Amino acid sequence: MIASTYQLINTADELRTAIAELNQHPAVGFDTETTSLDPYAGRLRLVQLAAPDGRVFVIDLDRFAAGDAHKAESLAPLRALLAAPRPVKVAHNAKFDAKWTKHQLGGELGGLFDTLLASQIVSAGETDDRHGLDVVVARYLDETLDKAERLSDWSGELSAAQLEYAARDAVVLLPLREKLIERLKRDALLKCAALEFDCVLPVAALELAGIFLDEHRWREQLVRVEKRRAELARELQAMLAEGAQQGMLFAEARTDINLDSHTQLTAALKRLGVPLPDSTRNWKLQPLAKDYPVIAKLLEYRTVQKSLTSYGENILEEINPVTKRIHANFHQIGAPTGRMACTSPNVQQIPHEYEYRRCFTAPPGRKLVIADYSQIELRILAHVTEDQGFIEAFNSGADLHRVTAAQVFNVPLEQVTKEQRDFAKRLNFGVVYGIGAQRFSMLTGLSLTEAETIMARYFQTYRALDAWLRAAAQRAVRERSARTLSGRLARFNFDPEDRQAVSLVQRNGKNMPIQGASADILKRALRLLHDKLRATTACVVNVIHDEIVVEADASVAAEIAKLVEDAMCAAGAEYVKKVPVKVETQVADEWVK
DNA sequence: AGGGCGAGCCAC
DNA sequence: AAACGTGGCTCGCCCT
């Protein structure tokens, strides 16, 4: 049990003294309590700062009312401490505190150590590990932390239990940091941690900014899809009812089935005499579609139904009533590869179709700058494998897929057909995922033998690539782990006797360093960009793995586009040195390329 | 009633 | 049946 004593800070004098004391230390524990999870809905109530000796200063911001200019001014020492690189502020999920600090205290955080991100980095993709503060404290400090007060009411008179909880959450952070630094050092993860910590403010700013969705346009699209769905449902019900209707006097007596229930569907299709496979899964039904119109109708219905439930009214409910924008939740370390993930809603999976994307617009007077890396994973592959064929293709500015096609089909470059280029493209992308001949033949419609021949030619053409992939697969099994260019680690737990598990690890060993390096580069770009955009009114509004969407004043959109491109290219060049990194940028009114 | 899970499908 | 990697969302179904 870590001893802690807390002192409530209610006056400007007390605050000055406390901040002066805290400024002596290299690092302080930092936590906040708020009256809501949404910085646009609630208010920042407490700021807790912990010293290494276990003393915690609990600052009650209700005593420093925002409306009172004198009292607001008296918070200046706090703002200065939070903004300074030293002392390092140690927080668990610093993104949360950064958002409130920026929005309600009007200052940016500097010098961060995030115990949540550190814990995730040390876990190295172990999906069973949880990373709540209580869990992490139990794992590294062997202590129990009671989170019962976390969601209590922080708006009124605070109880002793609440204040003790607030203080305790802050006091554990410094010892936790010590343990995590040991682990980061042991596994050579300090560089990766620095990359992640540098990305906290950009992600906080991204969430705070949100993305604008034209509600009217979205509803219009919804009405169109809903009409189509109703039409398809009606037709489908009629077709399915035919079997059940025999002997029935009144057609209207028929009861509709639940079209989304596979049990009811199976029964109805059986009545119609459709030779059903053992399930109603789409890929099983597909071959029947040409002989049975009811199956074709069902597949069409499912497509429309899917887009209606996933991209319907629900996303509009995420529009913030205050900002009228969507503030999604970005998980900075969302995947073991280091990729980000996104929820509530997942704005990284909006359908690519024009009808959907055009609803994400720039507000009046603004423009969207849409910038994405050109073939970043293949460029990373060229860099890490040092394959001369790949490197030369990229350095010469030639079309890599066309060059590949010429090699594997043994034809002159200018005689490559569109189909051949398409095969080569699928192969180039598939290689990153550890594709096999079986899958490649399935994807292209080639026979297994043809697929095998082409893949053999492919790896003869790109010998260094082949060697690297084999080595990466072996290393992953041998060391039970893989790393990216930033040193990010992914551990693989598997049973060496389980052939399927081993083969998955082999594919992961090939893929993780490539996909992960792409994530590293994007995070570095977000940091560089954040620094460049600080003095402007532009803001990052979405990030989708190799794409950054920025909203900027229309009058300066072209200059902002240049900043975005420069930051992304510079980040890429820090990691990828053997080939150029290219970024394609567009300025538009809608999120459409 | 509500959590867990698989199926299906969206993004990269 | 399974199938190249990483995610999230929604549904029905199954279990408690």
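Computed from a predicted structure; not experimentally measured. Numbers restart at 1 for each chain; the letters A, B, ... are given by sequence-line order, proteins then strands. Every heavy atom of this structure was used, including side-chain atoms; hydrogens, water molecules and symmetry mates were not.
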A:Gln375/A:His401 under side chain to side chain donor-acceptor pair (under 3.5 Å): CA gap, chis, key distance, verdict: CA-CA 11 Å; A:Gln375 301 180 336; A:His401 304 315; 3.1 Å; yes

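- Closest contact between the side chain of A:Gln349 and the listed nucleotides C:dG8, C:dC4, C:dT6 involves C:dG8.
- With C:dT10, C:dT6, B:dC12 as the candidates, the nucleotide lying closest to the side chain of A:Asp546 is B:dC12.
- Residue A:Gly430 is classed as a base contact, given a heavy-atom separation below 4.0 Å to a base.
- Spacing of C1' atoms, B:dA7 relative to C:dA1, comes out at 15 Å, to the nearest Å.
- As a whole-Å value, the separation of A:Trp591 CH2 from B:dC12 C1' is 11 Å.
- The distance from atom CD of A:Glu377 to atom P of B:dA11 is 16 Å, rounded to the nearest whole Å.
- As a whole-Å value, the separation of A:Glu313 CD from C:dC11 P is 13 Å.
- When rounded to the nearest whole Å, the span between CG of A:Leu522 and P of C:dT6 equals 19 Å.
- Across the protein-nucleic acid pair, A:Lys425 atom NZ and B:dC12 atom P stand 12 Å apart, rounded to whole Å.
- Taking every side-chain heavy atom of A:Ala341 into account, C:dG7 is the closest of C:dG7, B:dA11, C:dC9.
- Within the 4.0 Å cut-off from OP1 or OP2 of C:dG8, not a single side-chain nitrogen or oxygen of A:Asn329 is found.
- Of the side-chain N and O atoms in A:Asn346, none sit less than 4.0 angstrom from OP1 or OP2 of B:dA11.
- Each of A:Val200, A:Asn93, A:Leu116, A:Leu526 was scored for a side chain to side chain contact (heavy atoms under 4.5 Å, CB included) with A:Gln332, with one residue passing: A:Val200.
- When distances are taken from the side chain of A:Tyr433 to each of C:dG5, C:dT6, C:dA2, the shortest belongs to C:dG5.
- At the heavy-atom level, A:Leu443 lies under 4.0 Å from base atoms of the strands shown.
- Contact annotation: the side chain of A:Val541 never approaches that of A:Val550 to less than 4.5 Å [non-hydrogen atoms, C-beta and beyond].
- The side chain of A:Thr343 has C:dG8 as its nearest neighbour among B:dC12, C:dG8, C:dC4.
- A cation-pi arrangement, defined by a distance under 6.0 Å to the six-membered ring centre and an angle within 45 degrees of its axis, is present between A:Arg480 and A:Phe494.
- No engagement by A:Arg426 is indicated, since no non-hydrogen atom pair under 4.0 Å with the nucleic acid exists.
- Across all strands, A:Arg439 comes closer than 4.0 Å to base atoms (heavy-atom distances).
- With P as the reference atom, C:dA2 and B:dG6 are 13 Å apart, rounded to whole Å.
- Around NZ of A:Lys227, the count of heavy atoms belonging to other residues, nucleotides or ligands within 6.0 Å does not exceed 12.
- A:Leu308 comes within 4.0 angstrom of nothing in the nucleic acid, heavy atoms only.
- Of the side-chain N and O atoms in A:Arg339, none sit less than 4.0 angstrom from OP1 or OP2 of C:dG7.
- Distance from the side chain of A:Ala335 is smallest to C:dT6 among C:dC9, C:dT6, B:dA11.
- Residue contacts shown for A:Gln500 are limited to sugar-phosphate atoms, with no base heavy atom under 4.0 Å away.
- Per the geometry, NZ belonging to A:Lys593 stands 11 Å off C1' belonging to B:dA11, to the nearest Å.
- A straight line from CD1 of A:Ile350 to P of B:dA11 spans 10 Å, rounded to a whole angstrom.
- Within 4.0 Å (heavy atoms only), A:Gln515 reaches at least one base atom of the nucleic acid.
- With rounding to whole Å, A:Ile514 atom CD1 is found 20 Å from B:dC12 atom P.
- The residue A:Ser441 sits apart from the nucleic acid: no heavy atom pair falls under 4.0 Å.
- Taking 4.5 Å as the limit, some side-chain heavy atom of A:Val347 sits within range of a side-chain heavy atom of A:Phe330.
- Look at A:Glu551 and A:Arg325 and you find a salt bridge, because one of the NZ, NE, NH1 or NH2 atoms lies within 4.0 Å of a carboxylate O, short of that distance.
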